[in-house]
Amino acid sequence: MATLCYSREMNEIFLSPYNAKNAEEKIYKMWEDSGFFNPDVAMDKKVIDSTSTPFTIVMPPPNANGDLHAGHALFITLEDIMTRFKRMQGFKTLWIPGADHAGFETQVVYEKKLEKEGRSRFGMDPDVLYKEILNFTLENKKNMESQVRSLGASCDWSREKFTLDPDVVRKTQETFVRMWDEGIVYRGKRTINWCSKHQTSLSEVETESIEEVTPFYYFKYGPFEIGTVRPETKFGDKYVVMHPDDKRYADYKHGDKLTVEWINGPIEATIIKDPVVDMEFGTGVMTITPWHSQVDFELAQKHNLDVEQIIDFRGKLMPIAGEFNGMNIKDARPKIVDKLKEKGLLIKVDDTYKNVIKRCYKCNSIIEPQIKDQWFVKMEPLAKMAIESVDKGEIKFIPENYEKIFRYWMNNTIDWNISRQIVWGIPIPAWFKDGESVASIIEPLGGGWTRDTDTFDTWFSSGQWPLMVTDFPNGKDFNNYYPTDVMETGHDLIFKWVPRMVIFGLYLTGKAPFHTVYLHGLVNDAQGKKMSKSKGNVISPLTLTDKYGTDSLRMALIIGNTPGTDLALQETKVKGYKLFGNKLWNITRFVLENTQNFDGKEVPLEGSDEFYIQELNELVENVTREMNDFKFHLAGEKLYHYVWHTFADKIIEESKEKLKSDKPEVVASAQYTLRHSLETSLKLLHPFMPFITEEIWTHIKKEDENMLMVTKWPQK
RNA sequence: GCGCGGUUAGCUCAGUUGGUAGAGCAACCCGUUUACACCGGGUAGGUCACAGGUUCGAGUCCUGUAUCGCGCACCA
């Protein structure tokens, strides 16, 4: 028979303050050894009813290329709170961890490392480079995993997946081939975003559009005046475009040819009339450079115009530039302007012109639009499915306003370039021969095919992540846990990742991969400024957990932090929750010292005890409701308040008198109230502060009780 | 240019369906007679950005303005 009998020895640990460092590693090991992170084990050991409803979260796989940052700590805490809450409520709870090879991101990190060592990826054997990055990534993966553990994540490590696991690679390639077979993927020669430094194309989300003040030059072009910010692209400009309704140029007819003096001598120009020209802008006349501008390229296709490359893929001018051949565009620009000025073709320069320039989101290089054969995904039909799913209410967003942003993006899709000219990624299974392109895992019949050397955009595979980790299409987990429940991730991924997961889920299975998208904000520094290495204001979560314990950081990240809103992480706040942990620790000490002979059985409540038990019931009800509504900031704050200002300040203070009473029923009632309040508080706090609550629990639980992590969530 | 969000106490932020404004930290005063000084008790501090409107009643709903932040964007 299980009885409570608190001995002196058991209390001794509570005589000194809570030592997070000593407790955390031991507690995490106990959890992991129990196997309860894995719902199958929990069911086998009868901790969870095998008929219960599943609750699944897929962890956004952290990049295996460095240390965890504060944002990771936030998402791990949020997802762990959801997971622990549902697990205690008896759901068949599964949180699946992962690690991301993070294609371009990691390659950039590794290239920086090479640079420091005086090496370069260019000229390296691709296989050697790949192996080096793989080793680097696998080493970092271990580091990342141990940091995720240290934050208390109760995820099922037995199911962990890496985005380069062989089955992930194979399935990603199969999806590509299927999309090709079904006409969703095509090979196209189109304008792409080219980073001349990284020597790869990039998708729209991998570029940043930055507004800059750039000199705007007006040049004389025959009888016309044209404006440009990019004189260096103008060598091949032999089409001059104006609006068909523009009366100023009514004398010129579409197709008219005239000879004009230009940079390197006379050039034959052709008049093109097209309504794409804005008559209000500048002089209403423009020349075009189809190879290096998407608008111009579309115009060229429409009118079947010549398309000529001016700038090569290293960002240098080509032979068409004549004397400027081989020059870097940055150096060439002023020289070209000088030459035009000497020739009397420069009319004026506007130094106040604001222009939006696309840059590489990693190295800040100017993105050069180039024409290149790449693999594209047709976005429109896929986006349509995603919008329909949201229309039907199959996917909800927290906070709600992100639904609008999601819809906006889905309604304005551009076909997705999934080819990357880097080695670090999943190879695109495609073959070329005599201008023909075929998607196929194995070489097509006939022989003589050349394999595509490009790799996939990392989002092409991570977009399928919920399917990969549940072992789509026939795995046991896929049947049991797909669709998953909540996708919790940063609001910055509302474009990059969330839509792609929705699209792939719907495309491959007909079902959205999750019903709730919870988006957290960025974690900023104490002043609310974005953390960055260059500003030197980066706060490492590991430094804070070292100093104050993991539970304290978790509380500081959750309380007062509403979904979608950025958070200013202040060390004093973390410190404050360390004090709270200590408070809880000392409450336990008091309760233990004063309930030594108490058997734990329910007794009739005397005096204010009834009121306090009632208040506790209301707390349980409120906290449970708020947790169900994803309002963890409110639930956490209520718990903090209850424990400190009701439990400690009132229940304990008043109990001091009651415990001295000579009426045994008054003493018993007070003891029951103390013990019940403590146990309930620990259970409610466990998802937020798993370590300290579990540590206390091991000292107060009955012999036949299991660890707190799998103890039943309190009910009113 | 278009879109989204914020503007509440010195600082960082909460405030669920409209009902006389809250927390933490900081400040000030008092207190170490045993759970905790990693503490307790108390004090002070806000025309809820501004202007209108709806309402018996608005921090909360509507309109507009200002301002900060973020996102998107093929005007050469």
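Hydrogens, waters and symmetry mates play no part in the numbers below; they use all other heavy atoms, side chains included.
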Between [M] and [N] - [atom1] atom distance, rounded Å:
N	M	atom1	result
rU63(B)	rG24(B)	P	36 Å
rG22(B)	rC39(B)	C1'	23 Å
rA21(B)	rG57(B)	C1'	15 Å
rA37(B)	rU32(B)	C1'	7 Å
rA49(B)	rA35(B)	C1'	47 Å
rU60(B)	rC48(B)	C1'	10 Å
rC13(B)	rG18(B)	P	27 Å
rA66(B)	rG52(B)	C1'	15 Å

Kindly point out which of [options] is positioned nearest to the side chain of [X]?
X	options	value
M286(A)	rA76(B), rA14(B), rC36(B)	rA76(B)
L579(A)	rC38(B), rG15(B), rC36(B)	rC38(B)
K358(A)	rC74(B), rA73(B), rC38(B)	rC74(B)
A568(A)	rA35(B), rC25(B), rU12(B)	rU12(B)

Presence of [X] side-chain N/O under 4.0 Å of [N] phosphate oxygens OP1/OP2:
X	N	value
W644(A)	rG24(B)	no
H491(A)	rG69(B)	no
N355(A)	rA76(B)	yes
T562(A)	rA14(B)	yes

Classify [X] by what it touches in the nucleic acid, base, sugar-phosphate, or nothing, heavy-atom distance under 4.0 Å.
X	value
H292(A)	nothing
E298(A)	nothing
D274(A)	nothing
D278(A)	base
K656(A)	base
T565(A)	sugar-phosphate
A648(A)	base
Q294(A)	nothing
F495(A)	sugar-phosphate
L634(A)	sugar-phosphate
K573(A)	nothing

Secondary structure of RNA chain B per the Watson-Crick/G-U criterion (both distances under 3.5 Å; [ ] crossing, | other strand, . unpaired) is (((((((..((((.....[..)))).(((((.......))))).....(((((..]....))))))))))))....
Original post:
Do V486(A) and I398(A) come within less than 4.5 Å of each other through their side chains, counting heavy atoms only?
Top reply: no
Rounding to an integer number of Å, can you tell me how far [X] [atom1] sits from [N] [atom2]?
X	N	atom1	atom2	value
E621(A)	rU16(B)	CD	C1'	14 Å
F297(A)	rC75(B)	CZ	C1'	20 Å
K660(A)	rU34(B)	NZ	P	11 Å
Y408(A)	rC2(B)	OH	C1'	6 Å
H641(A)	rG22(B)	NE2	C1'	9 Å
E208(A)	rC70(B)	CD	P	11 Å
K578(A)	rC39(B)	NZ	P	10 Å
N594(A)	rA35(B)	CG	P	7 Å

Sorted by chain and number, sequence neighbours left out, salt bridge (Lys or Arg N to Asp or Glu O under 4.0 Å) with E621(A) holds for K716(A)
Across all chains, not counting sequence neighbours, the salt bridge (Lys or Arg N to Asp or Glu O under 4.0 Å) partners of D525(A) are none
For a quick check under 3.5 Å, do [X] and [Y] share a side-chain donor-acceptor pair by atom type?
X	Y	value
K372(A)	T191(A)	no
E212(A)	N355(A)	no
Q671(A)	T595(A)	no

Ring pair (Phe, Tyr, Trp, His ring centres under 6.0 Å) with F397(A): of Y402(A), Y518(A), F406(A), only one passes, and it is F406(A)
Cation-pi between R554(A) and F688(A): NZ/CZ under 6.0 Å from ring centre and within 45° of the ring axis? no
Geometric cation-pi criterion, K578(A) with Y548(A): 6.0 Å, 45° = no
Is the CD atom of E280(A) crowded by more than 12 outside heavy atoms at less than 6.0 Å? no
